[in-house]
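Following: one structure in structure tokens, then a few remarks.
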Amino acid sequence: MRLFTVAASFAAFVLPSFAQQIWDVYTTTWDRQKLFTYDNLGPNPINFVTPGAIGQADIVINDNQGYQSIWGHGGALTDSSASLLIYMKDNNPSNYWSLLGYLFDPTDGDGGAGLTYVRVPLGASDFSASSYTYDDSWQDTSLNDFNINMTPSEVFTILNDIKGINPYLKPGWMKDSGSINGGNFLDQYTQTYANYLLKCLQGFQSHGITAYAIGIQNEPMNSNPSYPTCKVSQQQEANVATALRSLMNSNGFSGTRIIAFDHNWSDAGDYAVDVVSLAPNAFDGVAFHCYGGSVSDQDTFHSAYPQKEIYFTECTGSMGSDWWSDIKWYMDNLYIGALEHNSHNALMWNLVLDPNGWPELPSSGSCRNPSCRGIVTMSGTSWTVNQEFYAMAQASKAIVPKDVNGPWGKRIGVTVGGSLSWALRVGAYVTGRVNPSDWLRYSIVVLNWDDSASTTWNPQDVTATIEFRGMQATYTFPVRGHHALVPAAVNATATNGTAIPSYTATVSFVPSASTSIASASASTAAHAPTSTNATITHASVPASSPISPVVKIRGANWFNF
């Protein structure tokens with residue numbers, strides 16, 4: 001078995017000549033003694049043996065239950081992120097390539113997170129130096145003045161550098177809207193806007209970037225006059241998608257997906273369902289953001305359209321929020337939760353920002369109070385990764401292809417029992433192989449959020465048994481820092497004010513015999529394996545503004561008068 005961890009992730013694999021074993025561990029712990037740290041357990045791997053008594057928690061993996069493929073995790077390469085990265089490349093190339101490797105290198109055992117998704121705005125966003133589109137000529141409906149090179153050249157440079165590191169990169173969750181700052185889309189420009197989006201795809205392709213998917217409009221229910229947004233109705237978005245699908249099919253983009261909605265969980269049963277019902281042949285699926293509702297709302301859409309794809313495309317961190325509480329929220333809701341509720345991926349907003357959460361469009365102010373935090377904080381030519389990174393890195397290690405051009409990880413069934421079942425949050429995955437005679441590899445991502453402290457800090461290890469194909473392994477999820485004082489850098493607290501001892505993990509493993517799992521049943525709704533009594537606070541969204549859109553995207557200003 002191969003072990004991964006996010007506060008502790010582990011994965012396990014088994015060679016055909018051996019019994020099932022856990023060999024490798026990637027760990028992140030609440031006290032930061034381990035941060036996406038790799039440990040090779042060989043030559044003393046943990047063996048699966050004949051089952052005995054279960055542990056305090058008992059993780060049961062069922063590879064006869066197959067669900068959706070998981071295509072990776074990542075973040076948004078905004079103009080601001082690209083400008084910071086290109087400065088580092090020009091002034092400290094060693095640090096630049098080290099950072100890109102740490103983020104995107106998918107090679108097994110190399111220490112990189114293997115992130116595979118990059119979301120790219122089409123035109124200016126709230127994280128750009130100025131407002132622009134690819135055609136700002138008034139009423140240029142023929143798009144004669146369309147110019148893809150309005151995008152800063154460093155965006156294309158960074159994307160191609162990332163492609164050189166990670167061949168699995170899905171570059172270009174590409175977006176655009178119908179107005180620079182706020183307003184409503186006008187029906188008369190439906191075909192023009194479809195042409196505009198096709199030109200965007202062609203323009204990026206001319207720079208060596210082929211889009212995996214394109215969205216019609218980011219946050220179509222949001223109109224704000226201070227930054228690039230645009231309100232687009234369900235019917236308008238469906239009309240544009242229908243026209244665009246025809247154009248894409250005729251111009252070499254038949255394999256590029258069109259994704260609808262791209263807004264909050266809370267409207268999964270309204271806008272998301274409605275827009276797909278209006279153009280089911282144009283849309284491949286829908287995307288969600290975290291700023292309203294809950295992750296379980298994704299099931300509302302899945303129940304209505306079980307054969308359509310679900311993506312999670314945006315959430316953002318906030319400066320000054322609690323390190324460990326954030327990691328627990330991201331794991332629970334995004335890197336385990338969103339996948340458990342049928343998403344193929346999970347993305348964060350802003351790959352790189354500076355220590356102030358900038359640079360930001362001067363007129364926007366959308367992230368200044370509180371200021372947004374990037375996945376990476378860059379100061380001059382030095383960099384540090386934030387808590388978002390550790391959550392997605394652990395989850396990423398469980399599903400990136402293990403073979404060149406190999407398949408992605410696939411979610412499979414898992415349940416948790418035992419007296420401390422509430423303390424573990426678990427997701428399970430299997431990764432296929434290029435050669436069908438090779439063993440498959442299985443992974444579990446585990447979050448230990450033991451909040452058992454009462455009046456004094458009382459950290460508890462959780463010893464879990466892992467049940468798989470009639471065999472059993474035992475692994476102890478520790479609370480790091482075996483002493484009575486909480487390190488000053490850690491300020492996570494339970495609702496009663498006591499310290500929260502917690503740990504997360506991801507495990508991958510393969511059986512000793514080659515096999516295949518049942519194909520995914522898209523109509524099978526996902527359910528949480530266990531309930532928990534832990535209270536998680538998402539510090540990224542201020543309580544006074546539970547629905548607070550952060551990604552605002554653009555379009556050509558002549559679409560709105």
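- Under the 4.5 Å side-chain criterion, counting only non-hydrogen atoms from C-beta, F253 is in contact with L198.
- How far CH2 of W358 is from CD of E360: 8.5 Å, rounded to the nearest 0.5 Å.
- Shown here for A113 and F389, the closest heavy-atom pair between the two residues is CB-CE1, 3.6 Å.
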* Take I258 and I214, measure what side-chain contact (heavy atoms from CB on, under 4.5 Å) needs, and give me the verdict at the end. => CA-CA 5 Å; I258 299 179; I214 186 167; 4.2 Å; yes
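- Between A82 and V155, the shortest heavy-atom contact is CB-CG2, 3.7 Å.
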* Can T377 and N386 be said to form a side-chain hydrogen bond (donor to acceptor under 3.5 Å, both in side chains), step by step? -> CA-CA 7 Å; T377 294; N386 296 311; 2.9 Å; yes
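- Distance check: L201 CG to I209 CD1 gives 12.5 Å after rounding to the nearest 0.5 Å.
- Side-chain contact between P167 and P106: present, with at least one pair of heavy atoms (C-beta onward) separated by less than 4.5 Å.
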* For F146 and Q202, run side-chain contact (heavy atoms from CB on, under 4.5 Å): C-alpha distance rounded to whole Å, both residues' side-chain angles, the deciding distance at 0.1 Å, then the answer. => CA-CA 11 Å; F146 183 95; Q202 293 170 328; over 6 Å; no
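- Qualifying side-chain contact (heavy atoms from CB on, under 4.5 Å) partners for S246, counting only residues two or more places apart in sequence or in other chains: none.
- Formation of a donor-acceptor pair under 3.5 Å by the D145 side chain with backbone atoms of S137 is not found in this model.
- The main-chain N or O of L339 is never found under 3.5 Å from a side-chain atom of Y67 such that the two would form a donor-acceptor pair.
- Expressed to the nearest 0.5 Å, how far CZ of F185 lies from OG1 of T190 amounts to 4.5 Å.
- The side-chain hydrogen bond (donor to acceptor under 3.5 Å, both in side chains) with H289 is formed by just one residue from the set N222, N264, T313; it is T313.
- The CG atom of L278 sits 8.5 Å away from the OG1 atom of T242 when rounded to the nearest 0.5 Å.
- At least one side-chain heavy atom of T116 sits less than 4.5 Å from a side-chain heavy atom of W408.
- Pairs of residues two or more places apart, or lying in two chains, that qualify as salt bridge (charged side-chain N to carboxylate O under 4.0 Å, His left out) and include a residue from residues 236-247 are R245-D284.
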* Applying side-chain contact (heavy atoms from CB on, under 4.5 Å), run through L103 and L351 and close with a yes or a no. => CA-CA 10 Å; L103 293 172; L351 188 65; 4.3 Å; yes
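- Checked against the 6.0 Å centroid threshold, Y390 and Y330 do not count as a close aromatic pair.
- For the pair T78 (side chain) and N350 (backbone), a donor-acceptor distance under 3.5 Å is absent.
- Across S80 and S128, no two heavy atoms sit closer than the pair OG-N, 3.7 Å.
- When only modelled atom types and interatomic distance are considered, N62 and T415 share no side-chain donor-acceptor pair under 3.5 Å.
- Other residues, nucleotides and ligands place more than 12 heavy atoms under 6.0 Å from the CG atom of N435.
- Here the closest non-hydrogen pair linking V445 and A398 is CG2-CB, 3.8 Å.
- K308 places a side-chain N or O within donor-acceptor distance of the main-chain N or O of P280, the cut-off being under 3.5 Å.
- Y335 and H73 have their aromatic ring centers within a separation under 6.0 angstrom.
- Between the side chain of N166 and the backbone N or O of L115 there is at least one donor-acceptor pair closer than 3.5 Å.
- Between P152 and S83 there is no side-chain heavy-atom pair separated by less than 4.5 Å.
- Within the 4.5 Å cutoff, the side chain of L122 has heavy atoms near those of the F204 side chain.
- With T300 contributing its side chain and G269 its backbone, the two residues share no donor-acceptor pair below 3.5 Å.
- Smallest separation of non-hydrogen atoms from D326 and S321: OD2-OG, 2.5 Å.
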* To do: Please lay out, stage by stage, how Y134 and T151 fare under the test side-chain hydrogen bond (donor to acceptor under 3.5 Å, both in side chains).
  => CA-CA 8 Å; Y134 299 130; T151 291; 2.6 Å; yes
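- With hydrogens and angles disregarded, a donor-acceptor distance shorter than 3.5 Å links the side chain of S223 to the backbone of G183.
- Of the possible polar contacts, none joining the S254 side chain to the N249 backbone as a donor-acceptor pair under 3.5 Å is found.
- No side-chain heavy atom of P171 sits under 4.5 Å from any side-chain heavy atom of I162.
- When only modelled atom types and interatomic distance are considered, R119 and N218 share a side-chain donor-acceptor pair under 3.5 Å.
- Interatomic distance, K231 NZ to M221 CE, rounded to the nearest 0.5 Å: 7.5 Å.
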* Asked: Can D140 and S142 be said to form a side-chain hydrogen bond (donor to acceptor under 3.5 Å, both in side chains), step by step?
  -> CA-CA 5 Å; D140 180 20; S142 61; 3.1 Å; yes
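- Checked by atom type and distance alone, the side chain of R425 pairs as donor or acceptor with a backbone atom of D332 at under 3.5 Å.
- Counted by atom type alone, S294 and S296 present one or more donor-acceptor pairs between their side chains at under 3.5 Å.
- V295 is linked by a side-chain contact (heavy atoms from CB on, under 4.5 Å) to W265, Q298, N333, A338, H341, counting only residues two or more places apart in sequence or in another chain.
- For residues 248-258, the set of pairs meeting the salt bridge (charged side-chain N to carboxylate O under 4.0 Å, His left out) definition, not counting sequence neighbours, comprises R257-E309.
- For S371 (side chain) and M319 (main-chain N/O), no donor-acceptor pair under 3.5 Å exists by modelled atom type.
- A search for side-chain contact (heavy atoms from CB on, under 4.5 Å) contacts involving V273 returns F301, A304, Y305, not counting sequence neighbours.
- Here the CZ atom belonging to R411 is positioned 11.5 Å from the CD1 atom belonging to I336, to the nearest 0.5 angstrom.
- Salt bridge status for D135 with K199: absent, with no side-chain N to carboxylate O gap under 4.0 Å.
- For Q191, the side-chain contact (heavy atoms from CB on, under 4.5 Å) partners two or more places apart in sequence, or in a different chain, are A194, N195, A243, L247.
- For an aromatic pair to be called close, the ring centres must be under 6.0 Å apart, and Y196 with Y189 fails this.
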* To do: Walk me through it: do N149 and H207 pass the test side-chain contact (heavy atoms from CB on, under 4.5 Å)?
  => CA-CA 10 Å; N149 292 317; H207 286 274; 2.8 Å; yes
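- Put simply, the side chain of L334 reaches to within 4.5 Å of the side chain of W329, judged on heavy atoms.
- In this pair, Y311 and W71 present their aromatic rings tilted. The plane angle is within the 30 to 60° band.
- Residues D187 and Q236 meet the side-chain proximity criterion, which asks for heavy atoms closer than 4.5 Å.
- Considering every non-hydrogen atom in both G208 and N160, the closest pair reads O-OD1, 3.8 Å.
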